[in-house]
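Every value quoted in this text rests on a predicted model; they were computed, and no experiment measured them. Letters go in sequence order (proteins before strands), and every chain restarts at 1.
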Protein chains: 2
Amino acid sequence: MTDRLDRVFAALADPTRRDLVARLADTDATVSDLAAPYAMSLQAVSKHLKVLEDAGLVTRGRDAQRRPVHLEAEVFDLMTAWIERYRRQAEERYQRLDAVLADLAEPDAGRSETTQEAV
Amino acid sequence: MTDRLDRVFAALADPTRRDLVARLADTDATVSDLAAPYAMSLQAVSKHLKVLEDAGLVTRGRDAQRRPVHLEAEVFDLMTAWIERYRRQAEERYQRLDAVLADLAEPDAGRSETTQEAV
DNA sequence: TCCTTTGTCAACCATCTAGTTGAATAGCCA
DNA sequence: TGGCTATTCAACTAGATGGTTGACAAAGGA
């Protein structure tokens with residue numbers, strides 16, 4: 001049942017993988033190119049790329065023995081949509097709370113209909 | 001060295017924790033309130049809340065024996081900033097690529113200075 | 001004072017994760 | 001053909017994670 005968002009968030013929870021994504025935002029690259037800067041084996045980087053691929057953040061082409069890695073930036077939208085939804089909801093709540101507090105400040109100044117609980 | 005973004009992304013990689021955040025966007029709640037809908041122990045939910053707290057996504061108050069949990073929506077900005085930065089960078093790259101391709105379509109129509117590699 | 005409610009802490013367990021090394025595969029180059 | 005390059009696969013390990021149960025702590029209500 002491990003859903004798409006699970007994998008996307010989990011993929012980006014690792015600093016090496018975030019760095020890979022950051023570098024791939026600039027340009028496509030091969031596995032060995034990507035692995036070069038890190039103090040870890042090529043195989044470890046290959047695994048990280050697999051995680052990114054399973055999350056749909058990255059696709060791989062084929063150029064002879066090389067497997068150029070390409071960032072699929074649209075997947076970011078999935079996360080942004082999730083985050084923004086709840087951020088907006090939380091913000092609306094604060095606005096509602098502000099309204100209630102303003103209401104309390106000037107008592108029965110206009111017979112407000114707000115019967116929502118304050119928090 | 002496990003940095004702030006690590007914890008925020010990791011916290012949201014779990015569906016139970018995303019659900020907790022979703023519910024807290026609407027209203028503050030106690031641990032037992034939050035735990036009620038899930039087929040798991042109160043202790044497990046308490047642990048999930050600790051993960052959210054360590055990531056800074058949530059704070060806890062004190063009301064007698066109760067520990068009301070409150071969503072700190074600003075932390076979302078951290079993630080959104082990261083995501084948007086690389087999404088934008090990737091989009092700019094595509095635009096650059098589009099320009100290069102357009103350039104190729106109408107050859108030497110203006111002695112373009114672009115010496116950047118295509119991808 | 002004792003009991004109940006609310007929550008955390010501790011120990012334990014199974015599974016996942018991030019890394020390792022070594023061997024295998026796949027495609028160029030001579 | 002043989003060898004070099006690029007990459008993946010397989011087996012292993014240490015440590016993190018997500019869950020369990022049982023015991024404890026803190027505060028309110030009888």
Side-chain angles (χ1 to χ4, degrees), chain A residues 1-24 27-71 119, chain B residues 1-24 27-71 119:
Chain A
M1 267 305 285
T2 158
D3 109 338
R4 188 73 176 278
L5 269 179
D6 287 31
R7 285 190 299 249
V8 179
F9 279 117
L12 294 179
D14 183 278
T16 303
R17 286 193 297 258
R18 278 201 308 282
D19 193 57
L20 288 168
V21 167
R23 293 168 58 205
L24 287 166
T27 178
D28 290 5
T30 67
V31 179
S32 356
D33 286 349
L34 289 169
Y38 307 117
M40 85 181 58
S41 68
L42 187 75
Q43 291 94 319
V45 174
S46 180
K47 276 194 188 180
H48 279 305
L49 290 170
K50 184 150 199 327
V51 173
L52 291 172
E53 187 179 22
D54 290 347
L57 278 158
V58 127
T59 53
R60 305 157 109 147
R62 160 70 71 188
D63 165 27
Q65 322 95 305
R66 260 148 274 129
R67 309 292 320 270
V69 182
H70 174 80
L71 183 66
V119 173
Chain B
M1 264 309 284
T2 158
D3 109 338
R4 187 73 176 277
L5 269 179
D6 287 30
R7 285 190 300 250
V8 179
F9 279 117
L12 294 179
D14 183 278
T16 302
R17 287 193 296 258
R18 278 201 308 282
D19 193 57
L20 288 168
V21 167
R23 293 169 58 205
L24 287 166
T27 178
D28 291 6
T30 67
V31 178
S32 358
D33 287 348
L34 290 169
Y38 307 117
M40 84 180 60
S41 68
L42 186 75
Q43 290 94 319
V45 175
S46 181
K47 276 194 187 180
H48 279 306
L49 290 170
K50 184 149 199 329
V51 173
L52 291 172
E53 188 178 20
D54 289 347
L57 278 158
V58 128
T59 53
R60 304 156 109 147
R62 161 69 71 189
D63 165 27
Q65 323 95 304
R66 261 147 272 129
R67 310 292 318 273
V69 182
H70 174 80
L71 184 66
V119 172

Once you round it to whole Å, what is the distance between [atom2] of [N] and [atom1] of [X]?
X	N	atom1	atom2	value
B:Asp6	D:dG15	CG	P	19 Å
B:Asp14	D:dA16	CG	P	18 Å
A:His48	C:dG19	NE2	C1'	8 Å
A:Asp63	D:dA6	CG	C1'	11 Å
B:Arg67	D:dA25	CZ	P	16 Å
B:Tyr38	D:dG19	OH	P	11 Å
B:Leu52	D:dT17	CG	C1'	14 Å

Is there a donor-acceptor pair under 3.5 Å between the side chain of [X] and the backbone N or O of [Y]?
X	Y	result
B:Arg23	B:Leu34	yes
B:Arg17	B:Ala10	yes
A:Arg7	A:Phe9	no

**Donor-acceptor pair (no angle test) under 3.5 Å: B:Gln43 side chain, D:dG22 base** =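 Counting by modelled atom types and ignoring angles, a donor-acceptor contact under 3.5 Å is found here.
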
**Asked** With nearest nucleotides of DNA chain C determined for A:Arg66 and A:Ala44 from heavy-atom distances, which residue corresponds to the more 5′ nucleotide?
**Response**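 Of the two residues, A:Ala44 wins.
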
**Prompt:** Relative to the 5' end of DNA chain C, which residue comes earlier, A:Leu42 or B:Leu49, by the nucleotide with the nearest heavy atom?
**Reply:**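 Checking each residue's closest nucleotide, the 5'-ward one belongs to B:Leu49.
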
**Message:** Students often get this wrong, so: under 4.0 angstrom with heavy atoms, is A:Lys50 touching a base, only sugar-phosphate, or nothing?
**Reply:**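 Counting heavy atoms under 4.0 Å across all strands, no contact is made by A:Lys50.
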
**Prompt:** Knowing that exactly one of A:Asp28, A:Thr27, A:Thr59 qualifies, which makes a side chain to side chain donor-acceptor pair (under 3.5 Å) with A:His70?
**Reply:**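 It is A:Asp28; the other options fail the test.
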
I want to verify a distance call: between [options], whose nearest atom is closest to the [X] side chain?
X	options	answer
A:Met40	C:dG7, C:dG19, D:dG19	C:dG19
B:Gln65	C:dT6, D:dT20, D:dT7	C:dT6
B:Val31	D:dG18, D:dT20, C:dT8	C:dT8
B:Ser46	D:dT8, C:dT8, D:dT7	C:dT8

**Prompt:** 5'-most contact on DNA chain D: A:Arg60 or A:Lys47, nearest heavy atom basis?
**Reply:**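 Per heavy-atom nearest nucleotide, the more 5' residue is A:Arg60.
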
**Item:** Contact under 4.0 Å: A:Arg17 side-chain N or O vs C:dA18 OP1/OP2
**Value:**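 Looking at the OP1 and OP2 atoms of C:dA18, one of them is under 4.0 Å from a side-chain N or O of A:Arg17.
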
**Prompt:** Are OP1 or OP2 of C:dT20 and a side-chain N or O of A:Ser41 less than 4.0 angstrom apart?
**Reply:**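 Checking C:dT20 against A:Ser41, a side-chain N or O does come within under 4.0 Å of OP1 or OP2.
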
**Message:** Return the CG to NE2 distance between A:Leu20 and A:His48, rounded to the nearest 0.5 Å.
**Reply:**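 One gets 7.5 Å once the value is rounded to the nearest 0.5 Å.
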
